[in-house]
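These notes are about the structure you will find just below.
Scope of the values below: all heavy atoms of this structure, side chains included, with no hydrogens, waters or symmetry mates. Note on naming: letters A, B, ... go to the chains in the order of the sequence lines (proteins, then strands), and numbering restarts at 1 for each one.
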2 protein chains.
Amino acid sequence: MNLLHWRLLVAVADASNITRAAEDVGMTQSGASQAIAQLEASLGFPVFTRERRHIGVTALGEQVIEQARKMLAQLNAIRALADESRGLSGGRIRLASFPSVTSTLLPGLLRDFKRLHPGIEVVVLEGTDEEVEEWLAADTVELGVVMNPAPGRTNVVLGQDAWVAVMPSGQQQERNSKARGITLEELAGQPFILATGGCVVNGKSLIEQAGLQLCDVRVKVRDWVSACMLVREGLGVTLVPESALPAELRGLCVMPVAPPIHREFGLVCSPSGKTSGATQALLKGLHKG
Amino acid sequence: MNLLHWRLLVAVADASNITRAAEDVGMTQSGASQAIAQLEASLGFPVFTRERRHIGVTALGEQVIEQARKMLAQLNAIRALADESRGLSGGRIRLASFPSVTSTLLPGLLRDFKRLHPGIEVVVLEGTDEEVEEWLAADTVELGVVMNPAPGRTNVVLGQDAWVAVMPSGQQQERNSKARGITLEELAGQPFILATGGCVVNGKSLIEQAGLQLCDVRVKVRDWVSACMLVREGLGVTLVPESALPAELRGLCVMPVAPPIHREFGLVCSPSGKTSGATQALLKGLHKG
DNA sequence: TTTAATTACGTGCGACGTAAGCATT
DNA sequence: AATGCTTACGTCGCACGTAATTAAA
């Protein structure tokens, strides 16, 4: 019977849907299902009605949920109190990021932070990686997600992933290089689909950084997944971050780049970020969690 | 940050003493200490002041504690709601037990139950095992702890322990039988200190049940530990439940009885107990926890 | 066929206990 | 010495995730 149970309870009531509620509180559908079952067992009566494909609330459930809401409010009051005492309350953090990170890493991050500091407002700005850098330099945001940050500049490493080559399945390269990977040189010589994800660090920049040149760029698209679709159509090969691969890989052959190339996301703070208590609180939270 | 943390927080505030608070909520001093430290870390400021040998509350701490109290009150309200819905609220359970169990097994049990069902009052009556049986038969209690209950009669097994023989250390039996144990026959022939613990199931009854007879009963005492003290003084040997042994065993030689004899505590309910929702709720709680 | 919930099963992390350490009276 | 808090360390259980299953629409 943890707090998570009650949070989940309220979330399910709000969403009328266990799956969405689970996402809201940051757990899987399965975990949520179990947690709810457990909670109901502990209470001794069902809180929710499972009927056809949506979840309702029993009469008793209503009462319980109302109380739970009040309880969580009290909890938030405590947290707010804590923040206020340190002058963090009413703080506002502007955080800049680019699409892939915004949709993958940030949600969980921000959820946890909001839970810990309900009194601090976090505004997320989305842009290209270049824009993020500009905003940081201009000090219009306190925090920014940057790629491959210069060492020492990063305050927190958010994550990393490897670049992988994508080509239509069934090519002869497939059996040759599937295991040991493919070199940039081999890639550069083929018809290429340039995917950017809205970043200046992309297939083209990587190849050029290696002193090579793409001999035949067929298309340039912003979306990673779109690029993979085009590969499947046989228009060429491409280079994408592993985490950006589409779920459905049929018709595609994905292989590591040799030697491996990684990209790393770091959170850096601007001059004004360094002096903001709220911002520092966020960074502190990341160092452990 | 679970509910236990907040319970502990309040408990510490009330007790002004981590050790006692820990007992109150059912954990060790160490665990409590860690939990408090963790909680303070999470809040970001100290709630308690550690000064000389007692614990005080900081100004912010006061605020937090007040909120926590309210929060826990909300939680209790939920539980009460749950019980009320099942007609359990306002219920009263009379539970009869005898000394050794009352002081060892019951406290934790009752604490957990009260936490789960704040609206149900549990009254504990203490007596000898015979009295407990009488009360059960007369239906003046809903539940009773009985020893070695007839199979099928027990609703829940609370625990069990083995009878052990205690004699002064340094006897020649010591080396002979320490490992393989001592038979009742060997014991019956020696000067005996009869300890009862207020129960009719005791050394004498065990020996007689085995078709033997104590040849020389020197003293009869009620308290198990006192009996062990007398053994140390060299007055004779005795037979006690393992769990009743004193902490300090210097000068004593404890050895198993061969073949082993166990005693079992079971919780049985009287006729009226079978129809009481509150009583059944308690029993249900024991089946799992 | 897709979406949603439950069930089964395995695993990792963290909470808690044991025990040692340290301080205060 | 005795009391009381903290720290170190090991382990056990549980909560959660993965994945298979069921059910409904």
Side-chain angles (χ1 to χ4, degrees), chain A residues 1-9 11-43 46-58 61 104 107-108 111-112 115-116 246-248 250 285 287-289, chain B residues 1-9 11-42 46-58 61 104 107-108 111-112 115-116 247-248 250 285 287-289:
Chain A
M1 192 70 14
N2 301 1
L3 288 167
L4 183 55
H5 282 111
W6 301 109
R7 287 218 189 84
L8 179 61
L9 183 84
V12 170
D14 287 341
S16 296
N17 174 328
I18 292 193
T19 305
R20 244 170 300 149
E23 281 166 10
D24 290 346
V25 300
M27 61 197 299
T28 59
Q29 168 204 49
S30 163
S33 177
Q34 294 176 78
I36 291 286
Q38 180 177 336
L39 194 142
E40 288 181 319
S42 156
L43 286 176
V47 175
F48 299 108
T49 61
R50 283 82 164 166
E51 48 191 15
R52 42 214 218 133
R53 30 197 322 117
H54 98 304
I55 284 217
V57 181
T58 63
T104 58
R111 180 171 22 74
D112 293 346
R115 194 166 288 164
L116 218 54
E248 179 55 69
R250 263 185 314 209
H287 276 125
K288 315 151 188 178
Chain B
M1 190 72 12
N2 14 22
L3 289 165
L4 183 54
H5 283 112
W6 302 109
R7 285 215 190 85
L8 179 61
L9 184 83
V12 170
D14 287 342
S16 295
N17 174 327
I18 293 192
T19 306
R20 243 169 300 151
E23 281 166 11
D24 291 345
V25 300
M27 60 196 303
T28 59
Q29 168 206 47
S30 161
S33 177
Q34 294 175 78
I36 291 287
Q38 182 178 334
L39 194 144
E40 288 181 320
S42 156
V47 175
F48 298 107
T49 61
R50 282 80 163 167
E51 49 191 15
R52 39 209 217 134
R53 21 196 333 115
H54 100 304
I55 283 216
V57 180
T58 65
T104 57
R111 180 173 21 75
D112 293 346
R115 191 166 290 164
L116 218 55
E248 178 56 68
R250 262 185 315 208
H287 276 124
K288 315 152 188 177

Start with the C-alpha gap between B/E23 and B/T19, add the side-chain angles, then the distance that decides, and say whether side-chain hydrogen bond (donor to acceptor under 3.5 Å, both in side chains) holds. CA-CA 7 Å; B/E23 281 166 11; B/T19 306; over 6 Å; no
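- With rounding to whole Å, A/L3 atom CG is found 13 Å from C/dA15 atom P.
- Side-chain contact between A/R111 and A/D24 is absent, with no heavy atoms from C-beta onward closer than 4.5 Å.
- The phosphate of D/dT18 (OP1 or OP2) has no side-chain N or O of A/T28 nearer than 4.0 angstrom.
- Comparing D/dC16, C/dA15, D/dT7 by their nearest atom to the side chain of B/S33 picks out D/dT7.
- Residues A/M27 and A/L8 meet the side-chain proximity criterion, which asks for heavy atoms closer than 4.5 Å.
- Looking at B/H54 and B/N17, their side chains never come closer than 4.5 Å, going by heavy atoms from C-beta outward.
- Checking A/N2 against A/H5 by side-chain atom types alone, no donor-acceptor pair falls below 3.5 Å.
- Nucleotide D/dC16 holds its C1' atom 7 Å from the CE atom of A/M27, rounded to whole Å.
- For the helix from C/dT1-D/dA25 to C/dT25-D/dA1, the end axes, each set by the C1' atoms of five terminal pairs, are bent relative to each other by 30° (nearest 10°).
- As rounded to whole Å, 13 Å separates atom P of D/dA19 from atom CD of A/Q29.
- For D/dC5, one of the phosphate oxygens OP1 or OP2 lies less than 4.0 angstrom from a side-chain nitrogen or oxygen of B/N17.
- Atom CD in B/E23 sits about 12 Å away from atom P in C/dG17, given to the nearest Å.
- Listed candidates were C/dT6, D/dC5, D/dA8. Nearest to the side chain of A/R50 is C/dT6.
- Atom P of nucleotide C/dA23 and atom NE2 of B/H54 are separated by 21 Å, given to the nearest angstrom.
- A donor-acceptor pair is defined here as one N or O able to donate and one able to accept, closer than 3.5 Å; no such pair exists between the side chain of B/Q29 and the backbone of B/I18.
- When the P atom of D/dC16 is taken as reference, atom CD of A/Q38 falls 8 Å away, rounded to whole Å.
- At least one donor-acceptor pair closer than 3.5 Å links the side chain of A/T58 to the backbone N or O of A/V47.
- Using a 4.0 Å heavy-atom cutoff across all strands shown, A/N2 reaches no nucleic acid atom at all.
- A donor-acceptor contact under 3.5 Å is formed by the side chain of B/S30 with the base of C/dT18.
- Rounded to a whole Å, the CG atom of B/L4 is 17 Å from the P atom of C/dG14.
- Between the C1' atom of D/dC5 and the CD atom of B/E40 lies a distance of 12 Å, rounded to the nearest Å.
- Closest to the B/Q34 side chain, of the nucleotides D/dT6, C/dA4, D/dA8, is D/dA8.
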